[in-house]
Amino acid sequence: MPRDVSTSKEVGELRGDLLEAAVRVLREQGAPHLTLRRVAEEARTSTMGIYTCFGGRAGLLEAVYRYGFDVLREMLLGSLHGHAEPRDRIMAVAYGYREFALADPALYALMFERPLPDFDPSPELRQDALGRTFSLLTEAIGATGSEDPTRMAYLVWTTIHGLVSIELTCSGRSPLPGWFLDSREEGGRVLADGVSALLRGLRQPGEPAGSG
């Protein structure tokens, strides 16, 4: 029987239950199963509840997307705790990002890849996500004295994202004999090597390559 959601409190409770159900479906069954019917069944309610709480499937998916960045931000803040030096903070962001991806690959894919071709988060939502996560990296790089911390943070993030995404792809397949990326520990070392190499090579705009 559909749940009664006649009060704002009941709507809020149903919204929370539906979001939890959607995240469970995503993690356990994969993004293609994020249908109105499947999520409603998981939450033991009707599809009408999704329309009441989120306006439809797009609103539900945006809520899951937002939830993912909430989780990522908390993980990054936890990684940053206790680190004061800018480069240590940059590496802490890298390790926190990797930890999140390896721990929650389905949610990571929904946030950064296109497992659902018809899902396109709004520019406002993506801007908010960047403000709450990417800004932590920008702040750390800004503390190094960079004249263009946003540009440099983007270069660092693409390095982190690329290395982590490749490791995530490899971890889901049979081991490749002789390939050096053969353990979680080695994945962490490769990430550290890649980000450190990039930071050593970064130059301020207009700075000669041989300076420093």
Side-chain angles (χ1 to χ4, degrees), residues 12 15-36 39 50 53-81 83 86 89-144 146 148-169 191 194-195 198-199:
R15 181 183 177 88
D17 289 347
L18 284 165
L19 178 57
E20 290 179 6
V23 173
R24 279 198 306 274
V25 170
L26 174 64
R27 288 170 172 162
E28 297 172 6
Q29 302 177 38
H33 293 274
L34 281 172
T35 63
L36 295 182
V39 173
I50 297 176
C53 296
F54 300 100
R57 181 170 173 269
L60 175 63
L61 293 177
E62 288 205 337
V64 175
Y65 179 89
R66 184 181 296 106
Y67 167 82
F69 279 96
D70 288 340
V71 175
L72 175 58
R73 176 178 171 81
E74 289 304 310
M75 192 162 286
L76 295 180
L77 289 173
S79 297
L80 285 167
H81 182 71
H83 295 286
R89 292 178 69 80
I90 293 168
M91 288 308 307
V93 168
Y95 288 131
Y97 190 91
R98 175 177 180 264
E99 182 182 354
F100 170 78
L102 295 179
D104 211 336
L107 188 56
Y108 174 86
L110 184 74
M111 295 159 60
F112 295 108
E113 299 171 7
R114 293 296 297 272
L116 297 172
D118 63 335
F119 173 54
D120 184 18
S122 69
E124 294 79 11
L125 182 56
R126 287 158 50 206
Q127 188 72 37
D128 178 67
L130 282 173
R132 290 184 293 120
T133 54
F134 183 72
S135 61
L136 299 175
L137 182 59
T138 305
E139 290 165 5
I141 290 179
T144 67
S146 169
D148 192 351
T150 299
R151 176 178 179 275
M152 291 198 175
Y154 178 78
L155 294 174
V156 173
W157 173 73
T158 55
T159 299
I160 296 169
H161 181 75
L163 290 170
V164 167
S165 294
I166 290 172
E167 181 184 359
L168 195 59
T169 299
L191 178 64
V195 175
L198 178 64
L199 292 175

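Not measured: the values here are computed from a predicted model.
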Note, [X] side chain near [Y] side chain (heavy atom, < 4.5 Å):
X    : Y    : answer
L163 : R98  : no
E139 : L136 : yes
T144 : L199 : no
L107 : V64  : yes
Y67  : V71  : yes
Y154 : T150 : no

Would you confirm whether R57, through its side chain, and L36, through its main-chain N or O, come within 3.5 Å as a donor-acceptor pair?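 Not confirmed, R57 side chain does not pair with L36 backbone.
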Exercise: identify the closest heavy-atom pair between [X] and [Y]:
X    : Y    : value
V39  : A21  : O-CB, 3.9 Å
A63  : R15  : CB-NH2, 4.3 Å
G96  : S79  : CA-OG, 3.2 Å
L26  : A106 : O-CB, 3.5 Å
A140 : R89  : CB-CB, 3.9 Å
P149 : T138 : CB-O, 3.8 Å

Below 3.5 Å, can you tabulate the donor-acceptor pairs from side chains in residues 123-130 to any protein atom, sequence neighbours excluded?
{"unit_1": "D128", "atom_1": "OD2", "unit_2": "R132", "atom_2": "NE", "d": "3.0"}
{"unit_1": "D128", "atom_1": "OD2", "unit_2": "R132", "atom_2": "NH2", "d": "3.2"}

Which of these passes side chain to side chain contact (heavy atoms under 4.5 Å, CB included) with V93: L77, V156, L76?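 The passing option is L76.
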Atom pair [atom1] ([X]) and [atom2] ([Y]), whose distance is rounded to the nearest 0.5 Å:
X    : Y    : atom1 : atom2 : value
M75  : R73  : CE    : CZ    : 14.0 Å
T35  : L60  : OG1   : CG    : 10.0 Å
D148 : L155 : CG    : CG    : 9.0 Å
M152 : L198 : CE    : CG    : 9.0 Å
F100 : T133 : CZ    : OG1   : 9.5 Å
Y95  : L191 : OH    : CG    : 6.0 Å

Please check if the number of heavy atoms outside F119 that lie under 6.0 Å from its CZ is greater than 12.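 Atom CZ in F119 is packed in, count exceeds 12.
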List for me each residue that meets side chain to side chain contact (heavy atoms under 4.5 Å, CB included) alongside F112, sequence neighbours excluded, and say none if there are none.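 Testing F112 for side chain to side chain contact (heavy atoms under 4.5 Å, CB included), a comparison that skips the adjacent residues, returns F69, L72, Y97, Y108, W157, H161.
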